[in-house]
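Report on the following structure.
Sequence positions, counted from 1, serve as the residue numbers for this chain.
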Amino acid sequence: QETDGQTYNMIDDIIKQSLQLATFQTRPVEENDFEITLDREVRRIKPNTTMSVQEKELVATYLSGQATARHILATDQQIVKITTETVDKAIKSNEGFGIVSEAKDHKNENHDLLPQTRNKSTRLGFVFTMSKTNNHELVSDEDQENELMALLAGQAALELVKGKTFNNFGKEDRAKVLDLLEKKISQGTPITDGIRQQAIAIKDALYQKAKKLLQGHVSFVKTITDELLKN
């Protein structure tokens, strides 16, 4: 399920690279070989040596909040892996997705269409999840709401643990929540200012629900944070 939507060539690469890791050590291939290859090729995890201890703690707290909410709410998306390392994500803009290619003479044309001010193509840390079901149209309204609360729970955890808000961090998750709410309210019709305001009000209410949910589990959030800082 984590490789859903990937090409045959990508799947082929994952298997070959995993076999190579085992061959170099003259042993049979193991599950961990696939984990290492998935980290590199699909999850796109990149070691980050520039983050300070304080920054890493903030990232770990945010991710712990999301993980705790997913655990308590038993969300449709189940946790596969949590990393505080940098993760490469596709850049989304009004013109679609643009991927920057570092290869010479292989610059993606779509990249020229991207606005100058855009979200970074990397994220500090990520909670990787996998759905229990492949058909997301069959997910109930309650499951959808739980999913949105889990995305907002990272910010709620930072506020509860640190006593401060960090509005510059985790903007991608809040944007995703707003986007999903706008689509749900509009039901395929054009998104108006009225719909946008409605979505913002629902997002704010869900944030308060997520914060209330975590209030009784702050020590659990801190336990996961400590584990992430160790590993």
Side-chain angles (χ1 to χ4, degrees), residues 1-3 14 17-18 21 30-91 119-131 146-177 206-231:
Q1 283 189 327
E2 269 200 280
T3 58
I14 288 165
Q17 286 183 40
S18 302
L21 285 172
E30 296 168 0
E31 189 176 339
N32 194 49
D33 296 317
F34 288 97
E35 276 293 312
I36 292 166
T37 311
L38 281 169
D39 279 353
R40 194 166 54 208
E41 300 298 327
V42 176
R43 298 175 189 139
R44 312 280 291 172
I45 298 170
K46 303 281 177 75
N48 189 338
T49 54
T50 60
M51 250 197 290
S52 69
V53 177
Q54 290 85 354
E55 286 170 332
K56 207 159 194 173
E57 192 184 338
L58 291 177
V59 172
T61 304
Y62 183 91
L63 301 173
S64 300
Q66 291 188 330
T68 301
R70 287 197 179 283
H71 180 66
I72 298 164
L73 295 165
T75 55
D76 173 66
Q77 294 279 341
Q78 290 294 294
I79 300 164
V80 176
K81 185 170 194 138
I82 311 172
T83 182
T84 55
E85 300 286 12
T86 301
V87 175
D88 275 350
K89 305 299 283 181
I91 306 165
N119 290 335
K120 290 180 183 177
S121 60
T122 56
R123 284 196 56 156
L124 296 175
F126 200 69
V127 178
F128 292 95
T129 59
M130 190 168 74
S131 179
N146 286 346
E147 183 63 32
L148 299 181
M149 280 171 63
L151 288 171
L152 296 169
Q155 196 71 17
L158 280 174
E159 195 179 334
L160 287 167
V161 174
K162 297 294 178 186
K164 299 175 188 174
T165 51
F166 296 82
N167 285 318
N168 278 330
F169 187 63
K171 284 190 279 193
E172 303 96 336
D173 289 331
R174 296 196 295 284
K176 187 178 178 182
V177 169
L206 286 173
Y207 176 77
Q208 292 306 322
K209 269 181 91 170
K211 192 175 161 188
K212 193 176 177 184
L213 178 83
L214 292 184
Q215 267 169 343
H217 303 277
V218 173
S219 62
F220 188 53
V221 171
K222 287 178 178 174
T223 300
I224 300 174
T225 303
D226 290 342
E227 285 301 315
L228 282 172
L229 293 171
K230 277 186 227 161
N231 304 293

### Message
Check this for me: Lys81, atom NZ, are more than 12 non-hydrogen atoms of other residues, nucleotides or ligands nearer than 6.0 Å?
### Response
yes
### Task
Please assess Thr225 against Lys56 for the test side chain to side chain contact (heavy atoms under 4.5 Å, CB included), listing each intermediate value before the final yes or no.
CA-CA 10 Å; Thr225 303; Lys56 207 159 194 173; over 6 Å; no
### Query
Closest heavy-atom contact between Ala210 and Ala156?
C-CB, 4.3 Å
### Query
With respect to Arg123, which candidate in Asp88, Thr83, Asp173 satisfies the side chain to side chain donor-acceptor pair (under 3.5 Å) definition?
Asp173
### Query
Without hydrogens or angle criteria, can the side chains of Thr86 and Thr122 be said to hold a donor-acceptor pair below 3.5 Å?
no
#### Entry: Approximate separation, where rounding is to 0.5 Å, of Leu63 CG and Ile224 CD1
10.0 Å
#### Entry: Val80 to Thr129 - nearest heavy-atom pair and separation
CG2-C, 3.8 Å
### Query
Looking at Leu158 and Leu58, what are the two nearest heavy atoms and their distance?
CD2-O, 3.5 Å
### Task
Look at the side chain of Asp226 and the backbone N and O of Thr223, then say whether any donor-acceptor pair between them is shorter than 3.5 Å.
no
### Message
Run the ring-ring contact (aromatic ring centres under 6.0 Å, His included) test against Phe126 and tell me which residues pass, sequence neighbours left out.
### Response
Phe128
### Task
Check whether the side chains of Asp76 and Ser131 place a donor and an acceptor atom closer than 3.5 Å, and report yes or no.
yes
### Message
Please determine whether the number of non-hydrogen atoms from other residues, nucleotides or ligands lying under 6.0 Å from atom CD of Glu31 exceeds 12.
### Response
no
#### Entry: Minimum heavy-atom distance between Leu229 and Ala60, given as atom pair plus value
CD2-CB, 4.1 Å
### Task
Could you walk me through whether Gln215 and Leu160 pass the side chain to side chain contact (heavy atoms under 4.5 Å, CB included) test, one step at a time?
CA-CA 7 Å; Gln215 267 169 343; Leu160 287 167; 3.6 Å; yes
### Task
Provide the closest heavy-atom pair for Thr37 versus Ser18 in the form atom of the first, atom of the second, distance.
OG1-OG, 3.0 Å
### Task
On the 0 to 90° scale, with breaks at 30° and 60°, tag the Phe220-His71 ring pair as parallel, tilted or perpendicular.
tilted
### Task
Mark yes or no for whether Gln66, through its side chain, and Ala153, through its backbone, hold a donor-acceptor pair below 3.5 Å.
no
### Message
If I compare all heavy atoms of Ile82 with all of Ala67, which pair ends up nearest, and what's the gap?
### Response
CD1-CB, 3.7 Å
### Query
Rounded to the nearest 0.5 Å, how far apart are OG1 of Thr50 and CD of Glu55?
7.5 Å
### Task
Any pair with a residue in residues 153-164 that passes side chain to side chain donor-acceptor pair (under 3.5 Å), sequence neighbours left out, goes on the list, sorted by first then second residue, please.
Glu57-Lys162, Gln155-Arg174, Glu159-Tyr207, Glu159-Lys211
### Task
Can you measure from CD1 (Ile14) to CZ (Arg40) and round to the nearest 0.5 angstrom?
10.5 Å
### Intermediate values then yes/no, side chain to side chain contact (heavy atoms under 4.5 Å, CB included), Glu147 and Arg70
CA-CA 8 Å; Glu147 183 63 32; Arg70 287 197 179 283; 2.7 Å; yes
### Task
Name all residues meeting the ring-ring contact (aromatic ring centres under 6.0 Å, His included) criterion together with Phe166; count only those two or more places apart in sequence or in a different chain, and write none if there are none.
none
### Task
Look up atom OG1 in Thr84 and atom CG in Asn231, then write down how far apart they are to the nearest 0.5 Å.
9.5 Å
### Message
Strictly distance-based, threshold 3.5 Å: is any side-chain N or O of Thr165 a donor or acceptor partner for the main-chain N or O of Asn167?
### Response
no
